[in-house]
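Being a predicted model, the structure only gives us computed values, none of them experimental.
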Amino acid sequence: MLRGIRWQLLALFGSIILFSVVLGLRFLSPSTEEQMTETPTATMLPATATIAPTFTPQPTDATSIEPESTITTFTEGIVGRIQRLNPVLISTQAERDITSLIYDGLVTINEFGEPAPDLASDWVVSRDGYEYVMQLRQDILWQDGIPFTASDVVFTYQLLADSDFPLTELSNFWQTVEIEQLGDYLVRFRLAQPLASFPTLLTDGILPQHALVGVTASQLIDHPFNLTPVGTGAYQLETLRSVNGQQIDGLDLRVAPTFRQRTDGQTGYAIERLQFRFYDTFDAAITDFVQGDIQGLASSSMFERPQMLTLGSANLFAQIEPSVTALIFNWDEGEETQFFSDLRIRRALQLGLNRENPVVQNLLNQAVVADSPLRPDSWAYNNGLSYPLDPAQAFELLENATITVPEDADFGDFRYQFSILVLDRPALVSIANNVASQWGQFNFDVSVEAVSAEQYNARLASGDFDVAIVDYELGADPDVFAYWHADQHETGLNYGSISNTRINELLERGRQTTSESARIDVYRQFQAEFINEAIAIPLYYPIYTYAVDTSVTGVQLGFISSPEDRFRTLQAWTYQSP
């Protein structure tokens, strides 16, 4: 009997020995690195390439097809369209939603917002933070029955690092990472600098090397594989639906037989088929939900939540969106408004602003007041923060500030002018006007500039504003280096030229420290310093909403790092069709 499994045992022992040798040799002495770089943010591909030919996938086992009436089918509406089902070529949230069900990444984000094993069974970080060695699962099959191995991982990330890969920002980052296959189920990543958030960058799906042999990075964008996906996820593509042969109007996913063979796929997943319908407008999707044509619908914006609250035949699940909206100051706008670099000015504006007032008045049941640059459900959140409201102290700070007042004017009569840049949306404009009115009590003449999305983005990018209301995406990791570090003014998202030595130091330590307990301490200090220095003024966290028919049970929303996380508990869902 042992002779029959001899080769499997040898392979297992060999992998263990190799894994131990690598750890012993590579993790003994720390290295140094001089240069700080920006963490890559999630980037979506512009949907400009031609759609590959549509097709109808064949069932894995034609003899096991159940009668349509016996297949439990749950239908969800998605506002948006797809062109590709390729996890490394995402152009819309709809594509991200679907591919998250077909493909697995090396890492997933659990219900507490922490990176957890997925295709990787475990990983080890070197003491200097430069190397990550991933041990891969050995029980994974691609949906066409081919075993998943380390060669698939290396193939995927080498494509991303290719200079011809269409997503330049993503490619630029992966070109700085060395990846090496150490065995059939062992992979090493070596970074150009320590990056504690690195595991969260390994959540995107892995591609099957055997299905894309010979395909280059430049060829991938229009390859038929993009609509004939082969993943390792719980669901595989069953059918694509199109009315005119070009625009995809819907698709069906079916529980993958290969996934059922895994230990984690043998129970649950009572919903055998997931059917998705794509809509151009939220109103059209709402209409179909009310009529019972779809049983699930997620908001793509907090501004859609009021309509969802009127759905009497639905269970609504809410969670904090992965973003925060803040008032930011331009520290380098020019001589006229350069006073925002003065802490006393910023602190006075902070102390003189009742943030709850404009948020509650304009975004009731759509957002909650924010008190940190990090999300409140993050493991790094500092729950001891407070924003005191003290108009008297605000006046005192302004009197001692370095605002240049004309010689013939008394400070009490002098009113300095600046404007608030905001996206032209009624609720946001109303919030800006409320803020302007409050600040008008402190010898400031504050106006509001409501502009189109195109103008807004251009002016933010060029630094052409005094104060602005800005949304910042917040992922699973608390690393916000790109938003608030001084080095990120030119190449990152530090629109206001913010420059604070202590903030810079904490952000650098936060991304280089691999110990979670140490990072918690660093980011709690960062949040406290952020408020003490009035770096910016957090306003609100939007609320994410998911509506499902009352016949669906088992749905839970934990930590939402991205909207597709609504499917995290899909294994426990049940649906009793009418």
Side-chain angles (χ1 to χ4, degrees), residues 71-80 93-94 96-102 104 108-114 116 118 203 233-235 250-256 259-260 264-279 282 285-286 288-302 304-322 365-366 368 375-377 476 541-578:
I71 301 175
T72 302
T73 302
F74 170 80
T75 305
E76 178 174 312
I78 293 180
V79 180
Q93 182 59 47
R96 193 177 296 282
D97 290 344
I98 306 301
T99 57
S100 72
L101 298 165
I102 299 174
D104 294 318
T108 189
I109 303 300
N110 66 20
E111 64 272 26
F112 305 108
E114 303 164 331
D118 199 355
T203 56
Y235 288 82
L251 59 81
D252 295 345
L253 301 181
R254 189 83 176 267
V255 175
F259 187 83
R260 287 290 192 195
D264 50 339
Q266 292 177 7
T267 59
Y269 294 100
I271 297 178
E272 178 71 17
R273 175 183 290 142
L274 292 173
Q275 189 173 85
F276 292 93
R277 297 183 183 180
F278 303 121
Y279 296 86
F282 183 73
I286 279 282
D288 276 7
F289 188 98
V290 172
Q291 294 176 350
D293 295 329
I294 58 176
Q295 292 81 50
L297 179 62
S299 65
S300 56
S301 165
M302 65 177 180
E304 296 168 348
R305 182 168 164 80
Q307 283 180 269
M308 301 182 78
L309 292 175
T310 66
L311 298 173
S313 61
N315 288 325
L316 297 183
F317 299 87
Q319 189 54 272
I320 297 295
E321 275 190 21
N365 289 325
Q366 298 175 61
V368 295
R375 48 191 297 169
D377 53 356
Y541 303 110
I543 296 177
Y544 174 82
T545 310
Y546 186 42
V548 295
D549 189 86
T550 53
S551 57
V552 182
T553 60
V555 179
Q556 292 184 359
L557 288 187
F559 185 94
I560 299 291
S561 61
S562 189
E564 67 272 16
D565 285 345
R566 66 186 182 275
F567 299 124
R568 184 185 288 116
T569 62
L570 188 54
Q571 186 171 11
W573 293 14
T574 61
Y575 171 55
Q576 185 64 47
S577 57

Exercise for review: Quick one: do Val79 and Gln93 satisfy side chain to side chain contact (heavy atoms under 4.5 Å, CB included)? Show the steps, please.
Suggested key: CA-CA 9 Å; Val79 180; Gln93 182 59 47; over 6 Å; no
Study note, to complete from the structure: In terms of heavy-atom contacts, Tyr544 and Ala298 come closest through OH-CB, 3.3 Å
Practice item. Heavy atoms only: give me the nearest Ile271-Val255 pair and the separation to one decimal. Key: O-CG2, 3.7 Å
Practice item. Only counting residues at least two apart or in another chain, list the ones meeting salt bridge (Lys or Arg N to Asp or Glu O under 4.0 Å) with Asp549. Key: none
**Study point:** Flag if over 12 foreign heavy atoms under 6.0 Å of CD, Gln556
**Key:** no
Review point. Parallel under 30°, tilted from 30 to 60°, perpendicular over 60°: which one fits the rings of Phe276 and Phe567?
Key: perpendicular
Exercise for review: Give the intermediate values and the outcome of side-chain hydrogen bond (donor to acceptor under 3.5 Å, both in side chains) for residues Thr545 and Arg305.
Suggested key: CA-CA 7 Å; Thr545 310; Arg305 182 168 164 80; 2.8 Å; yes
Practice item. Inspect the contact between Glu272 and Arg254 and indicate whether a charged nitrogen and a carboxylate oxygen are less than 4.0 angstrom apart. Key: yes
Check your understanding: If you measure from the Lys or Arg side-chain nitrogens to the Asp or Glu carboxylate oxygens, is any gap between Glu76 and Arg566 under 4.0 Å?
Key -> yes
Review point. Would a line drawn from the ring center of Tyr269 to the ring center of Phe259 be shorter than 6.0 Å?
Key: yes
Point to revise | Gap separating the CD1 atom of Ile320 from the CG atom of Leu557, nearest 0.5 angstrom | key: 11.5 Å
Review point. Is the cationic atom of Arg375 (NZ for Lys, CZ for Arg) positioned less than 6.0 Å from the six-membered ring centroid of Phe559 and within 45 degrees of its normal?
Key: yes
**Study point:** Interatomic distance, Thr75 atom OG1 to Arg273 atom CZ [nearest 0.5 angstrom]
**Key:** 9.0 Å
Exercise for review: Report yes or no: do Gln366 and Glu304 form a side-chain donor-acceptor pair below 3.5 Å?
Suggested key: no
